Amino acid sequence: MAATNQVRYKVGGMDCASCATKIDTAVRRMPGVEDVSVSVAAGTMTVSHDATSDLAAIEKKVIGLGYSLRALGRKAPTTTGHEHDHDGGHDHRHDHNDRNHSTHGAKEIEGLHGHDHGPTEGPWWKSAKGRLTILAGAALAVAYGLGHLVPAYDTYIFTAAMLIGLVPIARRAVMAALAGTPFSIEMLMTIAAIGAVLINASQEAAAVVFLFLVGELLEGVAAGKARQSIRSLTALVPKNALLEVNGQIREVPAESLAVGSVILVRPGDRISADGVIVAGTSAIDQAPVTGESTPVVKGAGDKVFAGTINGDAALRVRVTAAAEDNTIARIVRMVEEAQEKKAPTERFIDRFSRYYTPGVVLVAALVAILPPLVADAAWEEWVYKGLAILLIGCPCALVISTPAAIAASLSSGARRGLLMKGGAVLETLGKLTAVALDKTGTLTAGKPQVTDVIAFGRDAEDVLRYAAALETGSSHPLAVAILAKAAEDEVDIPAVSDARSLNGKGVAATVEGQEVFLCSPKAAAERVSLPMAHSRRIAGLNDEGKTVSVLIVDGVLAGAIAMRDQPRPDAMAGLKALTDAGVKTVMLTGDNARTASAIGKELNVEVRAELMPQDKQRIVGELKREGFVVGKVGDGINDAPALAAADVGIAIGGGTDVALETADAAALHGRVLDIADMIELSKRTMRNIYQNIAIALGLKAVFLVTTILGVTGLWPAILADTGATVLVTLNALRLLRIKAV
């Protein structure tokens, strides 16, 4: 199989669905191009090509259509479909002789395209599109004034005013036709305007051109808002950081921080890089990145994210990711790439529009020609109606209905820590009828906690003191749990000597002159006699899913400590939200049946325990064969087979890298409630899409009938088209305001 390369571009001036269609069609026809993915919402284009393609020619073709290009990065050749970005998203020019040819090309046609070739930020009136619209509006106003002063020449005056706006539109229409899109909105607009002049409706023609430009401007403003909703996340990262070098603190640009360097984060400051705390404990407000409503207390060894806000204590943080690869940068990059992946509904609308637009042209032609030929009706009247139908039938609102909603939804989710990799994933989430969840790290916190300190021969404080002394320095999860409990209870931990591990049965040491042994109940029974009452107590704790360690001091049973990986605080509420939504839930775990059953009973969820990874994959397959649409929730690594087998694999917890790079979707802050949030967001998005389609087609149907009846003409026709497009976009933007369930 031939190797495939990918190059990704930022496209300037692409603000509507017809723009994306023209670019897609033109680039797809170029030699060596295997696939093209264009996102209006993100303003990007990704081209998959082989070694025979000429990137300079591809870029020149897009520039010829009136857009600017900036390369965002290339991906290495691949034959497997698993590609990795080797340039980190830097701007490479593919070794062309003119490294700035894209920029020069854009300047040559500035103002002709009628789109903004510069940044989408800034006032609309400073953009090329805004300037052209203002100029066309001023020309129309002047034409009205002159037309009243010299009415004999009003046809010529309004024609001249019309041409100011129509020339760039017509130019775009011709370039699009040459690139393979003859039935573009610009072509329909050009035909309608010229036709109106020919039937002595130049005043309406000038007004229609102006209204068309206003509609495009509004589309651009709306598209810019959707685009900025996710890009605005980058503003959360501070520009500067306090770098620690040889004990000295100096302020440096945050983008210059290298992996491994140590920074100081003062109370109240935003953290300037992803990293790990090396000193200090503080409450971190992670709402800007993960959507968590309450601050999270973090200390040494805990991860922190760029853009989050430090609470009430200074922290020293070791940087773990460069600026271009921190959590926020990766979220933005992932969401923009996801917007290029079309949902099934979006692909259907795209296919439909390919036949819809030529069909509109045919209907308009029949309306203009048949009545005069068959019924001897007035040519001027019916040609006028045919031109109006051309404008009514423009497919912009219909084509933008789905991608606008999906882009807004992906952005809304990302701002709450819900990442979905494309429209297809977003659409499928709403169809889930069964969700299989892991136990450890998904339904539970993944960190054992001490639940019971039991005194048998010594008091509870001594039991905890001796156990903590034995576990000091250990990184085993159970040891960490005991030490955390001792710290919480402010226990004074004594020193130990002769510490040793005894063949995997437990740990032993001399503490305060006494031989102390911490071990499993089975190992304890080999050393001391366990009274029946104590054995029953331990068995009862085991039945509750707890792990029990027994403490022996100088050969005498002293006590026991029970630990369990506790359910997440929101686990029960999250499972209930799924059940209330009609979704079947099942817990899949490799843990022993007794522990799993205890957790399952507490959370009221069906349990499948003692499973190997292949067993989890098999169960997901069985659910699918039973007719369920299955989502699999896990940490994204150990459950890779099951995640791949599910209709949607969702990574939850397990670290930021896993959440961003694996599975089809990810919940950054690891709440079980996030799964219900994703499903609800999907359902709301699909409802929004259906509303948009109804608005687009409904308005067109109404104005089609009123135009044929002679009630409405060219002005209402263009308002119907641009108005529907703006309404659809504004309706989609409502998704940005969705809050968590």
Side-chain angles (χ1 to χ4, degrees), residues 17-18 21-22 25 155 158-159 162-163 165-166 169-170 172-174 176-178 180-212 215 348-399 401 693-725:
S18 63
T21 301
K22 283 180 292 187
T25 302
T155 297
F158 279 106
T159 300
M162 178 203 70
L163 288 174
L166 186 63
I169 295 171
R172 288 152 52 191
V174 171
L178 294 176
T181 309
F183 296 108
S184 64
I185 171 100
E186 290 84 2
M187 184 63 76
L188 302 186
M189 185 69 235
T190 302
I191 294 171
I194 293 174
V197 171
L198 294 178
I199 60 173
N200 296 316
S202 58
Q203 183 172 329
E204 285 193 72
V208 162
V209 169
F210 171 65
L211 290 173
F212 174 78
F348 171 76
I349 294 295
D350 284 347
R351 290 194 301 270
F352 176 74
S353 66
R354 293 195 191 107
Y355 301 99
Y356 168 83
T357 309
V360 166
V361 174
L362 178 61
V363 169
L366 292 175
V367 167
I369 295 172
L370 284 183
L373 290 179
V374 175
D376 200 27
W379 277 97
E380 185 173 308
E381 176 188 352
W382 286 95
V383 168
Y384 180 89
K385 291 180 179 179
L387 296 175
I389 289 173
L390 273 184
L391 299 179
I392 293 169
C394 290
C396 272
L398 181 63
V399 175
S401 60
I693 293 172
I695 291 170
L697 294 180
L699 278 175
K700 292 181 186 302
V702 169
F703 279 88
L704 176 65
V705 172
T706 57
T707 297
I708 292 177
L709 294 176
V711 177
T712 55
L714 288 177
W715 287 34
I718 193 64
L719 287 174
D721 173 61
T722 58
T725 303

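Computed from a predicted structure; not experimentally measured. Every heavy atom of this structure was used, including side-chain atoms; hydrogens, water molecules and symmetry mates were not.
When every heavy atom of F212 is checked against every heavy atom of I169, the shortest pair comes out as CD2-CD1, 3.5 Å. Closest of all the heavy-atom pairs between A193 and A205 is O-CB, 3.7 Å. Scanning all heavy atoms of the two residues, the minimum distance from V367 to G386 falls at CG1-N, 4.1 Å. Smallest separation of non-hydrogen atoms from P371 and L366: CD-O, 3.6 Å. Shown here for L714 and A196, the closest heavy-atom pair between the two residues is CD1-CB, 3.7 Å. The minimum heavy-atom distance between T25 and G180, with the atom names listed, is CG2-O, 3.4 Å.
In this structure, OG1 in T712 is found 9.5 Å from NZ in K385, a value given to the nearest 0.5 Å. In this structure, I718 CD1 and E204 CD are separated by 12.0 Å, a value rounded to the nearest 0.5 Å. Rounding to the nearest 0.5 Å gives a distance of 11.0 Å between CD of Q203 and OG1 of T159. In this structure, CD1 on I695 lies 12.0 Å from NZ on K700, to the nearest 0.5 angstrom. To the nearest 0.5 Å, atoms OH (Y356) and CG (L697) are separated by 6.5 Å. Here the straight-line distance linking atom CZ of R172 with atom NZ of K22 works out to 5.5 Å at 0.5 Å rounding.
Contact of the M162 side chain with the V208 side chain is not registered, since no non-hydrogen atoms from C-beta on lie closer than 4.5 Å. Using a 4.5 Å heavy-atom cutoff, the side chains of I194 and L166 are in contact. Looking at heavy atoms from C-beta onward, L387 lies in side-chain contact with I199 at the 4.5 angstrom threshold.
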I389 and I708: CA distance, side-chain angles, deciding distance, side chain to side chain contact (heavy atoms under 4.5 Å, CB included) verdict: CA-CA 8 Å; I389 289 173; I708 292 177; 4.1 Å; yes
From CA spacing to verdict: side chain to side chain contact (heavy atoms under 4.5 Å, CB included), Y384, T707: CA-CA 9 Å; Y384 180 89; T707 297; over 6 Å; no
